2 protein chains.
Amino acid sequence: MAASTKSGTGRVTIKTVAADAGVSVAAVSKVLRDAYGVSDALRAKVQASMEKLNYRPHAAARAMRGRTYALGVLLPDLRNPFFADILAGINEALERTQYQPLMGVGQSAHMIEISLIESMIDRQMDGLIMIGPRMPPDAVDEVTRRIPTALVGYYSPLAQQFDTVNDDDIYGAELVVRHLVESGYRRITMVSLTQPLHESVIVHRREIGYRKAMMAAGLSQYIDTVSCPMSPREVLTTIRHLLERRDRPEALFCWTDSVALQAISAARDLGLSIPNDLGVVGYDNTTYCDMAQNSLTSVDQSGQVLGLQAARLLVERIDGRTQGEHFVVTPRLVARGSSRPRRS
Amino acid sequence: MAASTKSGTGRVTIKTVAADAGVSVAAVSKVLRDAYGVSDALRAKVQASMEKLNYRPHAAARAMRGRTYALGVLLPDLRNPFFADILAGINEALERTQYQPLMGVGQSAHMIEISLIESMIDRQMDGLIMIGPRMPPDAVDEVTRRIPTALVGYYSPLAQQFDTVNDDDIYGAELVVRHLVESGYRRITMVSLTQPLHESVIVHRREIGYRKAMMAAGLSQYIDTVSCPMSPREVLTTIRHLLERRDRPEALFCWTDSVALQAISAARDLGLSIPNDLGVVGYDNTTYCDMAQNSLTSVDQSGQVLGLQAARLLVERIDGRTQGEHFVVTPRLVARGSSRPRRS
DNA sequence: CGTTCTACGTATACCGTTCTACGGATCAGT
DNA sequence: ACTGATCCGTAGAACGGTATACGTAGAACG
């Protein structure tokens, strides 16, 4: 009856709603965006119609002129449960907003990341949260010039063009070394990540903290860093090799938990007992650390808070802020069995 | 000079390309979609211009009339590394296509899933892959009526409206029970998931397999299932409770690895040795199973293959198939230390 | 009472594609 | 030479919103 709109298909559009409510299309659009110049009466009328017709705005049409209300989230991979915490924080921050996070996985590969991000830009996403990006800094600059961006786990404290959220990785690494030294370990080796050599990558900062604390503890002669890629197989062989060395380290500081868990596994395979033959510490304090069979000492950086802040900053930036903000949380060491004082 | 297009902004559109190549907009569009009626000469000319101008199609504009080339992937959560395997398979299948997966996390909550999917539909995504959806079957039906869908971990072998990809969960559970029985365990309890009672959920099938195999082994008097939600805390207390029972089970079959790892942890806390005091088996054969400290027997269902098939089926369906296809892989038990024959 | 404001609504251009309908050219067969 | 048929390319109407420019009515003001 009232369906005078000529639309052949059944789709409920802004036009249908306008017709039903007896107002103009523009008025409905205003209500949708709650823009200036709508009376309460009009708003009520329109909202009633939208409810009645079960109207849903067509995201693509919206994207042509306005917002998409979609935020792209770039994850390095899906294996590290730490990212789940970050995402929980992002979700929490966005829960009460209109924005919606859509994720892509970069597989820790520079080129995949780039093409993923290009596509997110093509899709007119309103903003981007990049977690631990592997791409080089000039690529990051290029991207952030084109789309509002917040980065988690990327250190660049002076940037104005984008915001960053980090824990204090140098301090976190220092906590680890100090803790190990206090527990009686001396020959502490860091297991790090083979990486492109730009300094924004957080692993780099953990290495700095490690060296700094080793020197402060008067252990500079024991400073020793080995690196390997992310793949489980290579991690395992690297660590096994390390543990079979004649001057086997007394403790390992692993740049991230999953590596530490592999270290525990390798140690067990070789018949070494933890912590007496080998102390192990990880980073991120993921859920697995707390299990009795791992009992892995780790550094907690509260992924939830990081995610929450990143989302908050991004929304602010979308709303117009142009100065950079750089949020840093102080990490906290959670001591467990894997680093208990050794019997001398 | 040649920039006669009146576009004020710098964006390179199909119009810019058309002007540069000296052809019509429609011709460029044809090349883009490689549609019928383009000569090689024209195609070459247009492609040269696109290259030169670094043209990228505007996804939103495209979405208004045609495809978005985006596929929505719904994940239950980010904690289970098994999903990483599935996603790897999806990526592999889509690598050579134009499609791009964009993920959302449903947090294993019915309502969040629904709103996420609604938004994916609003965004005109071309198809949907839902992994282990928690929403009730009628909601699934409703969704699949509106958008081409492939489901992983959702059992509905007769459906025509959507495709499914599963491992044979009944058989997998049977494998577990048989293996445990062969290893000398009798009182085998299954730790399952508190769930809405629809039968499409795969946990349900694992329960069926468990019961079936227990009966076949003549152990029906020992059939015993306890359920708890996903949250780590509740899992832990449930299991602890179970292990402190007077008639403590000899072995636990946990519906998924993370629960099994918690079980190992709880057992250790209580001073029980594995496998002598307690056998433990998980499901999914995630990376953690293989670590020496866990050495967890599990059922491998090759997430990579599941993901690959799901993506393949979805693309077929988008291309017009209307019959349902239901892919099933045969799972494989990977025996490790946690279920080794017990000393009697 | 006329003027100026302000608040509220409307009309409509525009965003960048897709795709149908159509026109002109070329070619094969009679 | 005439008639289709085939091939290549163009014009232009959608698609469903946003946002600007503008009109109008009532209130406030001197």
Side-chain angles (χ1 to χ4, degrees), chain A residues 5-47 49-50 53-70 98 119 121-124 126, chain B residues 5-47 49-50 53-70 98 119 121-124 126:
Chain A
T5 348
K6 69 176 168 204
S7 70
T9 75
R11 199 179 213 305
V12 178
T13 78
I14 200 174
K15 236 180 247 172
T16 329
V17 175
D20 183 88
V23 297
S24 76
V25 172
V28 178
S29 175
K30 278 191 182 178
V31 172
L32 245 62
R33 297 172 282 140
D34 52 11
Y36 172 83
V38 236
S39 62
D40 288 354
L42 182 84
R43 188 196 317 283
K45 224 174 12 177
V46 170
Q47 276 170 342
S49 285
M50 294 201 302
L53 301 171
N54 190 23
Y55 167 75
R56 305 206 49 122
H58 189 296
R62 207 168 227 193
M64 300 247 351
R65 311 224 77 224
R67 299 255 172 105
T68 53
Y69 299 101
Q98 298 208 62
S119 130
I121 293 176
D122 292 345
R123 301 205 140 80
Q124 303 286 108
D126 295 335
Chain B
T5 349
K6 67 175 168 206
S7 69
T9 75
R11 198 180 213 307
V12 178
T13 77
I14 201 173
K15 234 181 250 173
T16 329
V17 174
D20 182 90
V23 298
S24 76
V25 171
V28 178
S29 175
K30 277 192 183 177
V31 172
L32 243 62
R33 297 171 282 138
D34 52 10
Y36 173 82
V38 236
S39 63
D40 288 353
L42 183 88
R43 187 194 318 282
K45 226 176 6 177
V46 170
Q47 276 169 344
S49 285
M50 296 201 302
L53 301 172
N54 190 25
Y55 166 75
R56 306 203 49 120
H58 190 297
R62 206 166 228 197
M64 298 246 352
R65 311 228 74 228
R67 298 257 172 104
T68 54
Y69 299 103
Q98 296 208 62
S119 132
I121 294 177
D122 292 345
R123 300 206 141 82
Q124 303 285 111
D126 295 336

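Computed from a predicted structure; not experimentally measured. Here is the naming used below: chain letters follow the sequence lines, and residue numbers restart at 1 for every chain. Atoms considered below: every heavy atom in the structure, side chains included; atoms not considered: hydrogens, waters and symmetry mates.
- A:Tyr69 has no side-chain polar atom (N or O) that falls below the 4.0 Å cut-off from OP1 or OP2 of D:dG17.
- Residues A:Gln124 and A:Ala63 approach most closely at NE2-O, 3.9 Å, considering heavy atoms.
- Atom-to-atom distance recorded for A:Lys45:NZ and A:Asp40:CG is 12.5 Å, nearest 0.5 angstrom.
- Of the inter-residue distances, the one linking A:Ser49 atom OG with A:Asn54 atom CG reads 12.5 Å to the nearest 0.5 angstrom.
- Nearest nucleotide to the B:Met64 side chain, out of C:dG16, C:dT18, D:dA19: C:dG16.
- One N or O donor and one acceptor, one from the side chain of B:Arg65 and one from the base of D:dA14, sit under 3.5 Å apart.
- Base contact: B:Arg33 has a heavy atom under 4.0 Å from a base atom.
- Taking atom CG of B:Asp126 as the reference point, atom C1' of C:dT18 lies 14 Å away to the nearest angstrom.
- As rounded to whole Å, 16 Å separates atom C1' of C:dC8 from atom CG of A:Asp34.
- Remark: C:dA13 base-pairs with D:dT18; criterion is Watson-Crick or G-U wobble with both hydrogen-bond distances under 3.5 Å.
- D:dG30: Watson-Crick or G-U partner is C:dC1, with both key distances under 3.5 Å.
- Atom CD1 in A:Ile14 sits roughly 13 Å away from atom C1' in D:dC15 (whole-Å rounding).
- If you run side chain to side chain donor-acceptor pair (under 3.5 Å) between B:Asp122 and each of A:Arg56, A:His58, A:Arg62, only A:Arg56 comes through.
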### Query
side chain to side chain contact (heavy atoms under 4.5 Å, CB included) between B:Val12 and B:Met50: does it pass, once the steps are laid out?
CA-CA 9 Å; B:Val12 178; B:Met50 296 201 302; over 6 Å; no
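- Base-pair partner of D:dA5: C:dT26 (Watson-Crick or G-U wobble, both distances under 3.5 Å).
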### Query
Going through the distances and angles, do A:Thr16 and A:Arg11 end up as a side chain to side chain contact (heavy atoms under 4.5 Å, CB included)?
CA-CA 9 Å; A:Thr16 329; A:Arg11 199 179 213 305; over 6 Å; no
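- With values rounded to the nearest 0.5 angstrom, B:Lys15 atom NZ is found 12.0 Å from B:Tyr55 atom OH.
- At the phosphate of C:dG16, neither OP1 nor OP2 sits under 4.0 Å from any side-chain N or O atom of B:Arg62.
- Atom CZ of A:Arg11 is separated from atom C1' of D:dA14 by 15 Å (rounded to the nearest Å).
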### Task
Quick one, give me the B/S/- string for nucleotides 5-10 of chain D, reading 5' to 3', where B means a protein heavy atom under 4.0 Å from the base and S means that only happens at the primed atoms, P, OP1 or OP2.
--SSBB
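- In this structure, A:Asp122 atom CG and C:dT17 atom P are separated by 10 Å, rounded to whole Å.
- Atom CG of A:Leu32 and atom C1' of D:dT18 are 10 Å apart (whole Å).
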